[in-house]
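One structure below.
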Amino acid sequence: MPAECSPPEKMFWVYVSLWIANFFSPLLYSGVTTILPSIALDFHSSAATLSLIVMLFAYSQGYVGIIGGRLSDLFGLRRMMILGFIICFITLIGLFLSPNLLSLTLCRLFQGIGTALLICTSTAIAVNITPLYRRGTILGLLSSASYLGTSLGPIIAGAIATYLSWRYLFIFLLVPNVVGFLLFRSSLRLEWCTLDGEQFNTKGAIMLGLGSGAVSVGAGLMSLYFNLVWLVPIGFVLLGVFVYMQKHTKYPIINMDIFTEVKSFSLGLTSMMINFGGTTAFVYFSTMYFQQVRGFTPIAAGFFLLFKSLAQFSVAPLSGRLADKVHPEYIIILGLILCTASLVGTAYLDQHSSMYYIYATLLMSGVGIAIYHSPCTVASLRDVPKKEMSVASSIIASARSMGILGSQIIISLAISHYVGNKAVNPETIPAFLQSMKFSFLFLSSLNVVCILIYAKLALRIFKNDRKDKTA
């Protein structure tokens, strides 16, 4: 229960610190994604190796995001968020000083832990301190922070990589990290430890880490060491054991009943994973396309992606407010349709595609994601019991990480099949475009399935509303 409440006049700064946390994490992701080609030149890395770096970051972020809700309930949301800021600070210094690709990869692996704690706790804190009738608006503002970070990341990283060195990006990122930490620590006096006296399910956490890790490493290293593909089925078996353990333990990390009893939560989580997977693939392939296929500088590539993300930043608060007034399912469908159209359109880019065509796909992607995200979060958490709210919020927040992980597995497999263990150059550009086309069409087909499910749900809601009005 709350140990000490924040004065009302400080709540504004609490929201500002949560906004900074949601701004910083995607800024870190999109910025590093933009400088991957520069890192590859310094360390002489292949495209498959670069996708592995992103995948391991997504693995640690997704894994800790899942168990982060339980840790927060046991030790406190405030403490876990402060720990997230500290881990990010240490790993930023480590990335700046990395002498080789191995140390850089390890720092990114641990950095995923820090960003996971920031993402899952900031969402849970926002849900806990915000009344239900304003929840969509606040989540929309936090989403806009995420999109602004995503939009500025390529610009900032591209400029630093072009005029200085990619290493200085991590020094720059210390600024929002430190500011967010100081504001949050000084303004929030509220703490949540809702599971005092319960124990952390260490065996379950280990099994979850081994299972998800085996799937990630097996799929990620398949292009480099094909013999490790056997780790993938083993990983799924271990994940099945994890689910069994959670159903038969007194203190589970995740109450599995929430997935069967709260169907809106299960549907929202699944669609978010798929949607964020498509978004991740969009950012990754777009960055590589602009720099490696079209020959633009990192900063020029960043300006192209800025167009998409500014659309997200502008529309997200509006969709959040709209979700407070109408059924969010209606808004979700529109967002998913635009996201799917953008993926299909981008799948057919080539070396000579019109810039107007590219801008159209970027605009559709940005608007679609902004329309979709906040309403989907509201709909997913609407029927979750209060006792499970922190864990559910953490899982929803980590859906981005799980989607990133899934998309990076798809990207890695596609690049491995079409490009192999080679760098993207004029000779391999056609193969790279084929891998991009396959990834986007596959992910768009999954989005279509989500659209059909939400359309069926929206039709049921519409019919019930008509019955109520008639009655």
Side-chain angles (χ1 to χ4, degrees), residues 22 26 123 135-151 263-283 286 305 307-347 359-382 396-397 399-400 402-404 406-407 440-462:
N22 280 267
T123 302
R135 194 171 289 172
T137 301
I138 295 300
L139 290 176
L141 290 172
L142 295 185
S143 297
S144 71
S146 175
Y147 299 141
L148 182 63
T150 303
S151 65
K263 294 182 179 180
S264 58
F265 174 77
S266 302
L267 176 59
L269 177 63
T270 304
S271 67
M272 276 191 173
M273 290 170 57
I274 293 172
N275 190 265
F276 282 131
T279 303
T280 301
F282 193 99
V283 173
S286 295
L305 294 177
F307 182 75
K308 164 184 174 290
S309 297
L310 285 179
Q312 295 172 266
F313 174 70
S314 303
V315 176
L318 302 177
S319 69
R321 285 198 290 270
L322 189 59
D324 288 331
K325 299 177 181 179
V326 301
H327 291 294
E329 287 78 7
Y330 300 151
I331 314 171
I332 292 171
I333 294 172
L334 175 60
L336 285 174
I337 290 174
L338 290 174
C339 290
T340 304
S342 68
L343 288 175
V344 173
T346 310
Y359 277 124
T361 58
L362 291 171
L363 180 63
M364 278 194 297
S365 177
V367 174
I369 295 167
I371 290 175
Y372 163 83
H373 185 227
S374 298
C376 189
T377 303
V378 172
S380 301
L381 298 176
R382 181 179 51 205
I396 287 294
R400 178 193 301 273
M402 291 185 280
I404 291 173
S407 71
F440 283 154
L441 291 180
F442 179 79
L443 290 167
S444 63
S445 67
L446 297 180
N447 264 340
V448 170
V449 175
C450 292
I451 292 172
L452 295 176
I453 296 174
Y454 270 112
K456 183 178 179 180
L457 180 60
L459 180 61
R460 186 187 309 159
I461 292 172
F462 177 75

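Just so you know, residue 1 is the first one in the sequence shown, and it goes up from there. Only a predicted model underlies this, so the values are computations on that prediction, with no experimental measurement involved.
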What distance do [X] atom [atom1] and [Y] atom [atom2] have between them, rounded to the nearest 0.5 Å?
X: Ile337; Y: Met364; atom1: CD1; atom2: CE; answer: 12.0 Å
X: Leu336; Y: Ile331; atom1: CG; atom2: CD1; answer: 12.0 Å
X: Lys456; Y: Ile453; atom1: NZ; atom2: CD1; answer: 9.0 Å
X: Ile333; Y: Leu452; atom1: CD1; atom2: CG; answer: 9.5 Å
X: Leu343; Y: Asn447; atom1: CG; atom2: CG; answer: 6.0 Å

Grab the two heavy atoms, one from [X] and one from [Y], that are nearest each other, plus how far apart they are.
X: Leu446; Y: Ile274; answer: CB-CG2, 3.6 Å
X: Phe282; Y: Ser342; answer: CE1-O, 4.3 Å
X: Cys339; Y: Gly368; answer: SG-C, 3.4 Å
X: Ser380; Y: Cys376; answer: OG-O, 2.6 Å
X: Ala281; Y: Leu443; answer: CB-CD1, 3.6 Å

Min side-chain heavy-atom separation [X]-[Y] under 4.5 Å:
X: Met273; Y: Leu269; result: yes
X: Tyr454; Y: Leu267; result: yes
X: Ser271; Y: Ile332; result: no

remark   = Checking Ile451, Ile371, Val367 against Leu334 for side-chain contact (heavy atoms from CB on, under 4.5 Å), the one that qualifies is Ile371
